[in-house]
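Chain identifiers are assigned alphabetically (A, B, ...) following the order of the sequence lines, protein sequences preceding nucleic acid strands; residue numbering begins at 1 within each chain.
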There are 2 protein chains.
Amino acid sequence: MDPGPLNVGLLLFIPYRELEERVFAAVQDAGYSDITLPQARLFQRISANGSRITDLANRVYVTKQTASVLVNSLESNGYVRRMPDPLDARASLVIADARGLAAAAVAAAEIQRIEAEWRKALGTARYERLVRDLDELAKHTNRPQ
Amino acid sequence: MDPGPLNVGLLLFIPYRELEERVFAAVQDAGYSDITLPQARLFQRISANGSRITDLANRVYVTKQTASVLVNSLESNGYVRRMPDPLDARASLVIADARGLAAAAVAAAEIQRIEAEWRKALGTARYERLVRDLDELAKHTNRPQ
DNA sequence: TAATATTAGTTCGTTACACTGACCATATGC
DNA sequence: GCATATGGTCAGTGTAACGAACTAATATTA
């Protein structure tokens with residue numbers, strides 16, 4: 001049952017998905033059980049000063065229709081709110097609301113825990129280097145981040 | 001519109017998803033338009049000597065019911081076939097079929113192209129090091145790979 | 001400044017996906 | 001031999017994904 005050598009995509013995917021799974025479980029266990037994984041994936045891409053639907057859609061790789069639906073759900077449950085974009089009356093800015101900020105704190109704490117594990121597994125220097133290289137690679141993609 | 005500093009999860013996600021998107025588009029453009037992204041994600045985890053539904057479900061992070069549905073679709077379109085598992089009469093092995101192998105070749109070619117770009121962007125030594133470190137990190141997760 | 005084209009976002013309708021629960025068949029342990 | 005665990009499917013439901021069509025506001029250009 002040897003799956004064969006893993007390509008780069010899978011090598012990126014495996015730790016990514018492991019982290020996501022653990023963080024999402026931590027958030028759920030902390031009482032935020034009315035958020036789904038696709039909603040959480042969108043939520044974490046919202047910037048502190050608010051993000052437009054279209055930007056979120058691009059970051060998450062979904063259509064703006066889908067992003068709109070996800071934001072509606074998040075809004076219904078108090079994770080985010082919409083505010084008018086002062087620069088463009090067509091647009092609105094999605095911004096984290098109280099419940100969203102509280103959930104984000106739980107997520108951040110779990111990420112810290114996982115990073116500590118990974119540092120231990122690879123050694124601090126090697127881990128820090130990995131993060132820097134990933135950052136460089138992410139910059140190289142021409143996506144809106 | 002500064003999204004703030006990106007956590008490790010996102011740093012892994014961004015290049016992963018970029019690669020996936022490009023590979024999937026290449027496969028579609030090559031005429032394999034009857035495969036969906038979730039199906040392709042499962043397909044690429046099938047080992048050369050066949051994989052069980054349960055193993056695929058674990059690798060892809062879906063339930064075995066979902067994996068079963070995805071395999072059915074892939075089977076209908078000639079990407080995979082099921083064969084009985086000689087070691088366990090309850091199980092069956094999912095294995096790539098002709099159309100699946102042809103599509104996989106297209107995917108592999110596109111991955112090579114992307115890796116060449118990434119090597120160029122980071123420098124060969126740094127890129128090879130990154131891949132090794134990712135491999136180490138993937139090994140550290142206790143998931144079935 | 002009036003006509004035209006773009007862009008931001010929503011609504012509608014449809015399909016695929018993902019989950020839980022329940023179930024059958026085979027294996028395994030005592 | 002009987003209880004229990006495991007591999008897989010079936011049924012039912014809700015969410016998420018898409019394309020197409022639409023409204024409203026902004027840019028563009030004549």
Side-chain angles (χ1 to χ4, degrees), chain A residues 1 17 20-21 24-25 28 32-47 49-77 79-95 144, chain B residues 1 17 20-21 24-25 28 32-47 49-77 79-95 144:
Chain A
M1 317 320 175
R17 195 60 177 78
E20 181 179 68
E21 191 74 7
F24 186 63
Q28 295 263 351
Y32 304 96
S33 51
D34 54 351
I35 191 171
T36 67
L37 192 50
Q39 288 168 25
R41 284 174 179 152
L42 180 138
F43 178 86
Q44 77 169 334
R45 305 308 299 265
I46 299 170
S47 76
N49 28 357
S51 296
R52 292 190 182 175
I53 293 274
T54 303
D55 291 335
L56 293 174
N58 283 330
R59 291 174 192 160
V60 183
Y61 289 85
V62 294
T63 61
K64 53 186 184 174
Q65 296 92 318
T66 297
S68 184
V69 169
L70 295 175
V71 168
N72 285 341
S73 304
L74 288 166
E75 196 172 23
S76 306
N77 292 324
Y79 288 96
V80 305
R81 60 192 161 82
R82 282 180 169 90
M83 49 187 273
D85 186 336
L87 299 176
D88 192 332
R90 291 169 303 180
S92 58
L93 292 176
V94 180
I95 193 164
Chain B
M1 317 317 177
R17 196 59 177 78
E20 180 178 68
E21 192 73 7
F24 186 63
Q28 295 263 351
Y32 304 96
S33 52
D34 54 350
I35 191 171
T36 66
L37 193 50
Q39 287 167 26
R41 284 174 179 152
L42 180 137
F43 179 85
Q44 76 170 336
R45 306 307 300 264
I46 298 170
S47 76
N49 29 355
S51 296
R52 291 190 181 173
I53 293 275
T54 303
D55 290 336
L56 293 173
N58 284 330
R59 291 175 192 161
V60 183
Y61 289 85
V62 295
T63 61
K64 54 185 182 173
Q65 294 91 322
T66 296
S68 183
V69 169
L70 295 175
V71 168
N72 285 341
S73 305
L74 288 167
E75 195 173 24
S76 306
N77 293 323
Y79 289 95
V80 305
R81 60 190 161 83
R82 283 180 167 91
M83 49 188 271
D85 186 337
L87 299 176
D88 190 332
R90 292 169 301 178
S92 59
L93 292 176
V94 180
I95 194 164

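T54(B) comes within 4.0 angstrom of the backbone, heavy atoms only, and of no base. The residue T66(A) sits close to a base: some heavy atom pair falls under 4.0 Å. Contact annotation for R82(A): backbone-only contact, meaning every heavy-atom pair under 4.0 Å involves sugar-phosphate atoms and none involves a base.
For the pair Q28(B) (side chain) and I35(B) (backbone), a donor-acceptor distance under 3.5 Å is present. In this structure, the side chain of N77(B) engages the main chain of D34(B) through a donor-acceptor pair within 3.5 Å.
Residues F43(B) and L74(B) approach most closely at CB-CD1, 4.3 Å, considering heavy atoms. Minimum heavy-atom separation, F24(B) to L37(B): CZ-N, 3.5 Å. The nearest pair of heavy atoms linking L93(B) to P86(B) is CD1-CD, 4.2 Å. Here the shortest heavy-atom pairing between R59(B) and S47(B) reads NH1-N, 4.4 Å.
Each of A91(A) and N72(A) was assigned the nucleotide of DNA chain C with the nearest heavy atom; the assignment lying further toward the 5' end belongs to A91(A).
V94(A) places none of its side-chain heavy atoms less than 4.5 Å from the side chain of R45(A). Under the 4.5 Å side-chain criterion, counting only non-hydrogen atoms from C-beta, R82(B) is in contact with N72(B).
Relative to the side chain of T63(A), the nucleotides dG9(C), dC17(C), dC18(D) differ in distance, and dC18(D) lies closest. Taking the side chain of V62(B) as heavy atoms from C-beta on, and the options dG9(C), dA16(D), dC19(C), the nearest nucleotide is dC19(C).
A salt bridge (Lys or Arg N to Asp or Glu O under 4.0 Å) check over residues 35-44 of chain B, counting only residues at least two apart or in different chains, returns the pairs E20(B)-R41(B).
One interatomic measurement links the two molecules: CG of N77(B) to P of dA16(C), which rounds to 11 Å at whole-angstrom precision. As rounded to whole Å, 12 Å separates atom C1' of dA18(C) from atom CZ of F24(A). If you take OH of Y61(B) and C1' of dC19(C), they are 18 Å apart, rounded to a whole angstrom. Rounded to whole angstrom, the span from the CZ atom of R41(B) across to the C1' atom of dA16(C) amounts to 13 Å. Q28(A) places its CD atom 12 Å from the P atom of dC19(C), with the value rounded to the nearest Å. Distance R17(A) CZ to dA18(C) C1': 12 Å, rounded to the nearest Å. The CG-C1' distance, from D85(A) to dT10(C), rounds to 17 Å in whole Å. Put simply, CD on E75(B) is 9 Å from P on dT9(D), counting in whole angstrom units.
Listed in residue order, the members of residues 33-40 of chain B having a heavy atom less than 4.0 Å from DNA chain D come to none.
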When you compare the protein's N or O atoms with those of nucleotides 21-29 of chain D, which come within less than 3.5 Å of each other, and at what distance?
unit_1	atom_1	unit_2	atom_2	d
dT26(D)	OP1	A89(A)	N	3.2

